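Chain letters run A, B, ... following the sequence lines, proteins first, then strands; residues in each count from 1. If you're wondering where the values come from, they're calculated on a predicted model, not measured in any experiment.
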Amino acid sequence: MYEHLETADNTENLKRVVVEPVSRVEGHGKVTLLLDEDNKVKQARLHIVEFRGFERFIQGRPYWELPVLVQRLCGICPVSHHLAAAKAIDQLVGIDPVNLPIAADKLRRLLHFGQVLQSHALHFFHLSSPDLLFGFESEISKRSIIAVIESYPDLAVQGVMLRKYGQEVIRMVSGKRIHGTGAIPGGMNKSLTKEERDYLRKDIEQIISWGVASVALIKKVHCSNLPYYDDFATIRSNYLGLTKPDGALELYHGGIRAKNAQGETIMDHVDYCKYNDFIHEEVRSWTYMKFPYLLSMGQEDGWYRVGPLARVNNCDYIDTPLAELERVDFKAHSNEVMVHSTLAFHWARLIELLHCAESIKTLLNDPDILSQDLVAKGEKRYEGVGVIEAPRGTLFHHYQVDENDIVTKANLIVSTTSNNMAMNESVRQVAAEYLSGQELTEPLLNNLEVAIRAYDPCLSCATHAMGKMPLQLELINADGQLIDKLVKGSNGHINRIANA
Amino acid sequence: MAKTITIDGVNIPYEEGQTIIEAATTAGIYIPHLCHHPEFTPHGSCKLCTVKVNGRNCSACTFPAMEGQEVINNAKDLNDDRQKITQMLFVEGNHFCPSCEKTGNCQLQAVAYHLNMLDDHFPLFYQHREMDASHADILIDHNRCIFCTLCVRASHAHDGKDVFAISGRGINKHLIVNSESGLLKDTNMAATDKAAHICPTGAILIKHTAYQVPIGERLYDHQQIDQVSLNTELVDHDK
């Protein structure tokens, strides 16, 4: 729709505007705009400028380290990486999801619901609520959680407490709020004690009621300015995510479902272990983040969105009653089968938050989470694929190991990566529809960040370059004069720049 | 009347033939150490147990207790030196505690906490060291070896196998195994050997046991190394 703004035909004499860093998102990214003399936008890009390299340096490590090692990708959603890796290494010890002990399955789900709850609360209250409560172009002093605490103290406290509760669920199951252990090959290393379960139980009703209030708030914000919210940064896209076998919303384990912009099924209940048969990734030179697409639809049309909007759009129903009521309302507000509004990500996210709170309650009332039957083991395999719905969307972990249990190959498709094209499209939409031709001011540029923020991107998770990492080394003397310059290209060749 | 030495001004008894660290442990005084183990011949290589005996630096694990010794152990200058030694052990190898399966059960990590080591201080060497995962049950991660020789001594004295040795000198020093291929799988080592369980870091590990002990139940989760060491080593002394 706005692809023509990815690369300007002629960049000469164009003015460059940079938003760097993009704030209130996880990780580091920047937006660049190229404008002509009339401030018309000719090019708009979201660049991911950091590099991680996990896929490379986990090679050579024993596979049982993976859940603990790769969770260090992220401080916000480490549990998702921990569990995606755990699902993959279950297969390396011969355990498919159906063979995982029931207690381990439920404890992992509890852990994951805690994770999604805290991540969604963090994103909505700490990162996005200033935009939604004070306006996208509000003065800079209003654009932080501090301003929310001052103007809406009760709401801010709810946000903090919701997040804290999710973190406490994580701590009870995995030993630490951030970067615990928990999942081991074929199961879990502990169950909950009665004391731990009761500690979590005592607050769950309050958490559910705050979840209900959160959805009511975002619904009010969204619907009070419906045309704007339904248009801003909105793009029509395909959607991809896991669902249960009966089509219900699923965050931990299910088959892959993809629908197109009209709500027609592209694929359904597909075994995610075969993801490589239908998802490929494209590399572009100006960003470290890859561009995944559905192979059957090609690079041009095959990109898709993941995350709360995709999941709530894709599923047939939600299996917890309060969240299901909200889902029905959410779908009814749109005239289309699929809700394409990018700002509706927030609404869908809070419906999921409520679903997580309800699901945590169900699990805390389930005696299986106290069981000591926690680990199963089967025949060794050499390849494992783990896929999970992380807070930000479908997360793929794929590993191969050798006969000595050492990782030989790894591929991670991180949720935010799948939203790369969509985020760029939303940035281009906002640039074209809301900024182009205007004198750009700092508050106006926040519109670009609002568009990106709706996706709740985790840029630090999502940056995985293909090939060799390009590098530029400059030696500059005390007078600022360039003495020497070495440039390593993405093919790995190193060149010295003459006359440097 | 019992023979005595003083440690940090406190009179403690010793038996003839005891080293300073043995006398200290018996008396409930912790002297930081890594290469010392009460079951095996002292080695005196890690230097963490350096104390001042009548004003002179000595390794407490090798120096015999003798009448009239005034030993300084818990002093700032000694602990500062111990911290530096520990930092050097960290930068010489590749120790990534956050993902290491030994974390929480690791003597090197615990002694670093005990000495209040907050950073590496020295530049990391980033040495390229290989793993030996060839054995079905035992893993050697050379990145974490601090050359304490406990595995060498345990394999020799306890297991009667001589699986391990240290080869090379200085910065080229490395742990080798007793097989023509140089791989652990071609030695007679077994997972039940003492040498497989004695490593104070995560260099020698039993495969397929990682992270089975939950956070909160690991060796050093609730006690510092001084308490753990005194408790376990007193038991070893009594054997």
Side-chain angles (χ1 to χ4, degrees), chain A residues 54 57-75 78 81-82 85-86 89 92-94 107 111 170-193 195-196 372 374-375 377 380 401-408, chain B residues 93-106 109 124 126-144 177 179 181-187 189 191 196 199 201-222:
Chain A
F54 269 78
F57 65 67
I58 55 182
Q59 289 176 30
R61 302 303 310 169
Y63 70 77
W64 48 81
E65 280 187 6
L66 289 169
V68 177
L69 209 167
V70 294
Q71 69 175 341
R72 296 278 169 172
L73 268 160
C74 193
H81 290 290
H82 182 70
I89 66 170
L92 301 179
V93 295
L107 285 161
L111 179 64
I170 294 169
R171 185 169 73 88
M172 289 301 124
V173 181
S174 73
K176 280 167 74 184
R177 290 183 191 89
I178 303 172
H179 300 144
T181 57
I184 53 176
M188 294 289 284
N189 68 9
K190 75 182 271 284
S191 53
L192 251 56
T193 63
E195 292 73 30
E196 288 168 333
Q372 294 300 315
L374 292 169
V375 184
K377 203 173 172 196
K380 177 180 169 152
V401 297
D402 66 13
E403 66 282 2
N404 294 329
D405 309 312
I406 297 298
V407 177
T408 54
Chain B
N94 298 308
H95 299 276
F96 302 112
C97 298
S99 59
C100 178
E101 62 186 84
K102 196 68 180 277
T103 194
N105 294 308
C106 173
Q109 184 190 44
L124 289 153
Y126 291 118
Q127 297 221 58
H128 183 75
R129 293 187 185 167
E130 298 291 339
M131 298 232 303
D132 181 349
S134 62
H135 196 286
D137 304 316
I138 304 161
L139 177 80
I140 304 179
D141 188 343
H142 290 285
N143 291 293
R144 301 168 184 156
V177 299
S179 71
S181 65
L183 294 172
L184 192 64
K185 73 176 167 72
D186 296 323
T187 69
M189 180 136 181
C199 180
T201 76
I204 300 176
L205 298 160
I206 304 299
K207 280 185 169 182
H208 310 290
T209 60
Y211 313 106
Q212 286 179 354
V213 179
I215 293 171
E217 295 176 27
R218 300 171 304 183
L219 197 53
Y220 301 109
D221 277 340
H222 300 295

At their closest point, which heavy atom of B/Leu205 faces which heavy atom of B/Gly202, and how far apart are they?
-> CD1-O, 3.4 Å
Within residues 126-136 of chain B, which positions have a heavy-atom distance to chain A below 4.5 Å?
-> B/Met131, B/Ala133, B/Ser134
Is it the backbone or the side chain of B/Leu139 that comes under 4.5 Å from a heavy atom of chain A, or both, or neither?
-> side chain
Partners passing salt bridge (charged side-chain N to carboxylate O under 4.0 Å, His left out) against B/Lys207 (at least two apart in sequence or in another chain) | A/Asp405
Quick one: does A/His179's side chain have a donor or acceptor within less than 3.5 Å of a partner on A/Val68's backbone?
-> no
Cut-off 4.5 Å, heavy atoms of chain B, and the answer for A/Pro62 is both
Decide whether B/Asp141 and B/Asn143 meet the rule of one side-chain donor and one side-chain acceptor closer than 3.5 Å.
-> yes
Which atom names give the shortest non-hydrogen contact between A/Gln372 and A/Ser191, and what distance separates them?
-> NE2-OG, 2.9 Å
So, the part of A/Ile406 with a heavy atom under 4.5 Å from chain B: the answer is side chain
Results of salt bridge (charged side-chain N to carboxylate O under 4.0 Å, His left out) for A/Glu196 - residues two or more places apart only | A/Lys190
Partners meeting salt bridge (charged side-chain N to carboxylate O under 4.0 Å, His left out) with B/Asp221 (sequence neighbours left out) = B/Arg218
